[in-house]
Number of protein chains: 2
Amino acid sequence: MDHTIPEIVIGRLPLYLRELSRMAGESGKIKTSSHELAQRLGISPAQIRKDLSHFGEFGKQGTGYHISYLIERLTDILHLNDEWPVALVGAGFLGQALASYRGFQRRGFAITCVFDSDPAKVGVKAGGLVVQDAATMATRLREAGIRIAILAVPADAAQATADALVAAGVGAILSYAPVSLTVPPGVSVSYSDPVVQLQQMTYHLSIENE
Amino acid sequence: MDHTIPEIVIGRLPLYLRELSRMAGESGKIKTSSHELAQRLGISPAQIRKDLSHFGEFGKQGTGYHISYLIERLTDILHLNDEWPVALVGAGFLGQALASYRGFQRRGFAITCVFDSDPAKVGVKAGGLVVQDAATMATRLREAGIRIAILAVPADAAQATADALVAAGVGAILSYAPVSLTVPPGVSVSYSDPVVQLQQMTYHLSIENE
DNA sequence: TAGATTGTTAATCGATTAACAATC
DNA sequence: TAGATTGTTAATCGATTAACAATC
């Protein structure tokens, strides 16, 4: 029921949760099936059942899954019962956009502090928070017990910032910097680089079709 | 030398390209090896050699790879020789940040038009461009021959916008909307949802350790 | 030459899918 | 009951890695 679940399976659970939450918002919708969920996500029903089977039995033969119950279980599995405080490092255009994003709260996260090393940015507002000096970061993170950080700093500053975050007790980093980071075992890193994603898609765009 | 390369391989090529470009910027650095590149990316050397072998032979036994030559070849393979014009749909906080991002140009892309359906946003500036009415989108995209779009609209508008983009000839969509999109075969979609990434990482954050 | 590193093959490892008994 | 759908097993499929001959 646990024994090192494949990471690729863990990666799909948030997608299941997201789609189930969407279903829960559709009036009169109480139950679903692996088939329906799979169809909406563009994957196979067998994969959904297999993925869930790593964690227990959440459905009923003949009737499928109770949406709100499955949401509860996924929320448990992913440790989303309480809101996670998140530190945002970097208050440039992207940092500002992330600080202003209304979508975190509803899904288990809240940016509670923003840092930048640029004196021109320290003291300005970002999504209702005052940008703090990155030099005070370690202290603040320790005080607040923050375990998750979003990295929105320039590529050249990313590794040093990641090192500082890890040293301050952060165990999960979502990085928007276009560089590969090195972190100690036990620390999770997830990347978002729009150009990498676009470049993968251009492979499929022949120069002259359409 | 071609025969449907696995998508997971295609997805790593932009990472190789990114790291190689980084190496190229390090003074005196001319050559590299699968071992060095792998180390910097945190993957195995064998995987890099295997991935590249799908496309040809780009290295030399005993000496490795010439960095600038490998960059050229990857640039060819990914169709990044010419700059791709990109449409951005949605001029909210995130859209503004993307429109202002300086990192596209250098890596093969340029946002050349921005659309929004909100009359309050039409006419304002986004990264040096004037936001245009989304109602005119299809015409503009056809005129400009745009094949790539970035979706930064609310979840509820995402599918309809994607449909409109595809109808206008777009073949690659990078979506920041937190929903799964349905597109016809031959159209590529790539997703970016920070919450999904954070939720995957919280699985590994036990509630009470550290 | 000796050392290094490629490209490739075969072996291993892991993930997905098909199928079906169980059962609601 | 008949129909539907689960959870699970076994089979298939695909990706990664180890190993090494070739060769710079």
Side-chain angles (χ1 to χ4, degrees), chain A residues 1-16 19-20 23 29-74 76-77 180 200 203, chain B residues 1-16 19-20 23 29-74 76-77 180 200 203:
Chain A
M1 209 193 192
D2 194 272
H3 298 287
T4 47
I5 315 289
E7 195 58 31
I8 197 159
V9 171
I10 308 297
R12 282 190 292 261
L13 301 185
L15 300 175
Y16 300 164
E19 195 61 43
L20 287 163
M23 285 181 183
K29 197 138 187 61
I30 300 295
K31 292 184 292 189
T32 188
S33 64
S34 60
H35 178 81
E36 182 182 44
L37 188 53
Q39 174 141 339
R40 287 177 166 230
L41 292 171
I43 61 179
S44 82
Q47 182 163 78
I48 291 177
R49 296 201 303 275
K50 189 75 163 51
D51 285 353
L52 295 178
S53 76
H54 286 100
F55 303 95
E57 311 190 355
F58 308 136
K60 265 202 185 68
Q61 286 103 323
T63 63
Y65 302 91
H66 195 84
I67 293 168
S68 63
Y69 176 70
L70 190 49
I71 287 175
E72 278 173 32
R73 301 320 323 274
L74 288 171
D76 281 352
I77 292 165
S180 194
Q200 177 173 0
Y203 172 82
Chain B
M1 209 199 197
D2 196 89
H3 300 286
T4 47
I5 315 289
E7 195 57 30
I8 197 158
V9 171
I10 308 297
R12 282 190 293 261
L13 302 185
L15 301 176
Y16 300 164
E19 195 61 44
L20 287 164
M23 286 181 181
K29 197 139 189 60
I30 300 295
K31 291 184 292 190
T32 189
S33 64
S34 60
H35 179 83
E36 182 182 44
L37 189 53
Q39 173 140 339
R40 295 175 98 159
L41 293 171
I43 61 178
S44 82
Q47 182 162 77
I48 291 177
R49 297 201 302 277
K50 189 74 161 54
D51 284 354
L52 295 177
S53 76
H54 286 100
F55 303 95
E57 310 190 356
F58 308 134
K60 265 200 185 69
Q61 286 103 323
T63 62
Y65 302 92
H66 195 83
I67 294 168
S68 64
Y69 175 69
L70 190 49
I71 287 176
E72 278 173 32
R73 302 320 322 275
L74 288 171
D76 282 351
I77 292 165
S180 195
Q200 177 172 1
Y203 172 81

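Within every chain, numbering begins at 1; the chains are lettered A, B, ... in the order of the sequence lines, protein sequences first and strands thereafter.
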Flag the pair [X] / [Y] as yes when at least one side-chain heavy-atom distance between them is below 4.5 Å, and no otherwise.
| X | Y | value |
| --- | --- | --- |
| I5(B) | F55(B) | yes |
| L37(B) | Y65(B) | no |
| L13(B) | Q200(A) | no |

Each nucleotide in nucleotides 15-24 of chain C should get exactly one letter: B, S or -. Can you fill that in based on protein heavy atoms under 4.0 Å?
SSBBB--BBB

Measure from [atom1] on [X] to [atom2] on [N] and round the result to the nearest Å.
| X | N | atom1 | atom2 | answer |
| --- | --- | --- | --- | --- |
| I10(A) | dG14(C) | CD1 | P | 15 Å |
| E57(A) | dT5(D) | CD | P | 18 Å |
| E36(B) | dT5(C) | CD | P | 10 Å |
| K31(A) | dG3(D) | NZ | C1' | 13 Å |
| F55(A) | dG7(D) | CZ | P | 13 Å |
| Y65(B) | dA4(C) | OH | P | 17 Å |

Taking NZ in K60(B) as the centre, count heavy atoms belonging to other residues, nucleotides or ligands within less than 6.0 Å. Is the count above 12?
no

Does atom NE2 of H35(B) have more than 12 heavy-atom neighbours from other groups under 6.0 Å away?
no

Let's test this: given Watson-Crick or G-U wobble pairing with both distances under 3.5 Å, identify the partner of dT17(D).
dA10(C)

With a 3.5 Å limit on both atom pairs, tell me what dC24(D) is paired to, counting Watson-Crick and G-U wobble, or say none.
dG3(C)

It should be established whether S34(B) places a side-chain nitrogen or oxygen under 4.0 Å from OP1 or OP2 of nucleotide dT6(C).
yes

Euclidean distance, L52(A) CG relative to R12(A) CZ, rounded to 0.5 Å:
10.0 Å

